[in-house]
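One structure is given below, encoded as structure tokens.
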Amino acid sequence: MNMNAEIPSLAKLAIAKIIERCEQLENNKDIEGMYAFMALFPRPILCELADNELIQKAWAQFCFYIGNYTEMYRTLKNHQFSHWNHQELQTMWYEARYKEAAKQRGRNLDDAAKCRVRKKFPLPRTIRKRRHVFNKRSHPILREHFLSVLHNPYPDAATKKDLADQTGLTPMQVSNWFNNLRHRFFAANRT
DNA sequence: TCTTATGATTGTAG
DNA sequence: CTACAATCATAAGA
């Protein structure tokens, strides 16, 4: 069976290995190890091939560490990062900008100067929160359920799971949706 | 470009 | 953990 499966190319194998290694280092919080590992790559070519957030993040951290800010900015701009990485990457983005500005003017920046730097170099969209739109068919399903149980619009865990399956959303997204709608619906009905 | 609608997050309380 | 209010950020609409 699986006659169509390609024999993994050397590159794919290599990338898989790299991702695996990065995961280990990340899990162990072995930052030094991560830098050492990243230093094995003279260029970010493998990172381009590996559409993997962990790799991109590790690469950006390494670039920050060695002071290759241009490459770091490029990496941050060219990959969409998940929200749980945003804080860390935003800090890194600004820190790099501060360092560059400080070097250019030959002394440390005060708060006002830092503020100017932040204004001048706004965070790229890739490391900021993004609102994503539900599939069109999700809304009618959720609304119908909400209206049908208006007397008790608090779905239990099983119902949430059921709705999540029907809509293709996560249970958390279903919860959020109900939270938001209850809030907005009942707020609108007060006065 | 400005406004609105809406998904997600944060902080609080239970 | 959950529900909730308040708020943020932004996709879509005007």
Side-chain angles (χ1 to χ4, degrees), chain A residues 19 22-23 26-27 29 31 34 47-48 50-61 63-64 69-101 109-191:
Chain A
I19 292 172
C22 268
E23 273 168 3
E26 174 92 1
N27 290 339
K29 301 267 171 272
I31 299 302
M34 179 78 84
C47 298
E48 294 287 358
D51 184 24
N52 179 286
E53 179 157 347
L54 203 61
I55 300 276
Q56 299 287 341
K57 182 181 166 189
W59 177 254
Q61 286 172 318
C63 289
F64 180 78
Y69 299 131
T70 308
E71 173 59 20
M72 189 200 93
Y73 301 139
R74 196 197 62 78
T75 304
L76 293 183
K77 274 192 228 170
N78 288 326
H79 192 276
Q80 179 59 49
F81 291 89
S82 311
H83 68 84
W84 54 83
N85 281 324
H86 285 179
Q87 178 99 55
E88 197 178 347
L89 297 177
Q90 287 173 6
T91 304
M92 204 162 72
W93 172 274
Y94 283 140
E95 282 303 318
R97 295 295 185 187
Y98 296 156
K99 278 192 209 291
E100 283 191 320
L109 308 179
D110 57 19
D111 288 348
K114 284 185 178 180
C115 187
R116 278 196 293 277
V117 168
R118 286 199 299 274
K119 270 230 159 68
K120 190 169 174 186
F121 301 104
L123 298 168
R125 304 165 75 86
T126 47
I127 55 174
R128 283 160 53 197
K129 183 165 78 175
R130 292 207 309 171
R131 193 170 76 80
H132 119 286
V133 182
F134 288 175
N135 187 322
K136 275 237 179 304
R137 75 194 172 80
S138 303
H139 280 112
I141 295 172
L142 293 169
R143 267 196 283 263
E144 191 181 351
H145 184 81
F146 183 82
L147 289 175
S148 71
V149 296
L150 200 49
H151 53 91
N152 183 25
Y154 297 85
D156 58 23
T159 312
K160 272 183 204 162
K161 171 121 180 40
D162 191 42
L163 286 169
D165 289 343
Q166 282 187 55
T167 54
L169 303 173
T170 66
M172 176 58 78
Q173 286 176 307
V174 174
S175 287
N176 281 337
W177 190 88
F178 272 87
N179 281 337
N180 282 320
L181 191 62
R182 279 196 302 267
H183 184 210
R184 285 158 185 159
F185 185 88
F186 294 126
N189 277 5
R190 275 199 288 269
T191 37

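So you know, we letter chains A, B, ... as the sequences are listed, proteins then strands, and number each from 1.
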Sub-4.5 Å side-chain heavy-atom contact between L142(A) and H145(A): no
Euclidean distance, atom CG of residue N180(A) to atom C1' of dG7(B) [Å, nearest integer]: 6 Å
Face-on cation placement of R97(A) at Y73(A) ring, 6.0 Å and 45° thresholds: yes
Any W177(A) side-chain nitrogen or oxygen under 4.0 Å from OP1 or OP2 of dT6(B): no
Protein-nucleotide distance (N176(A), atom CG; dT2(C), atom P), rounded to Å: 11 Å
Flag side-chain contact, heavy atom, 4.5 Å: R182(A) against F146(A): yes
Pairwise side-chain contact, F178(A) with V174(A), heavy-atom cut-off 4.5 Å (strictly under): yes
Pairing residues for D162(A) by the salt bridge (Lys or Arg N to Asp or Glu O under 4.0 Å) criterion, not counting sequence neighbours: none
Closest to side chain of H183(A), choosing from dG7(B), dA3(C), dA6(C): dA6(C)
Close side-chain approach of W177(A) to R143(A), heavy-atom, < 4.5 Å: yes
Sugar-phosphate only, base, or nothing, as touched by F134(A) at under 4.0 Å among non-hydrogen atoms: sugar-phosphate
Side-chain-base donor-acceptor pair under 3.5 Å for N179(A) and dA5(C): no
Euclidean distance, atom CZ of residue F185(A) to atom P of dA5(C) [Å, nearest integer]: 14 Å
Atom-pair distance (CG on N135(A); C1' on dG7(B)), nearest Å: 14 Å
Whole-Å gap separating P (dT6(B)) and CZ (R143(A)): 7 Å
T167(A) and N135(A), any side-chain heavy atoms less than 4.5 Å apart: no
B/S/- contact track for nucleotides 8-14 of chain C, protein heavy atom under 4.0 Å: BBBBS--
Interatomic distance where CG belongs to L181(A) and P belongs to dC4(C) [whole Å]: 12 Å
Atom pair distance, as rounded to whole Å: CG in L142(A) and C1' in dG7(B): 12 Å
Phosphate OP1/OP2 of dA8(B) contacted by Q173(A) side-chain N/O (<4.0 Å): yes
Integer-rounded Å distance: dA8(B) P and R182(A) CZ: 15 Å
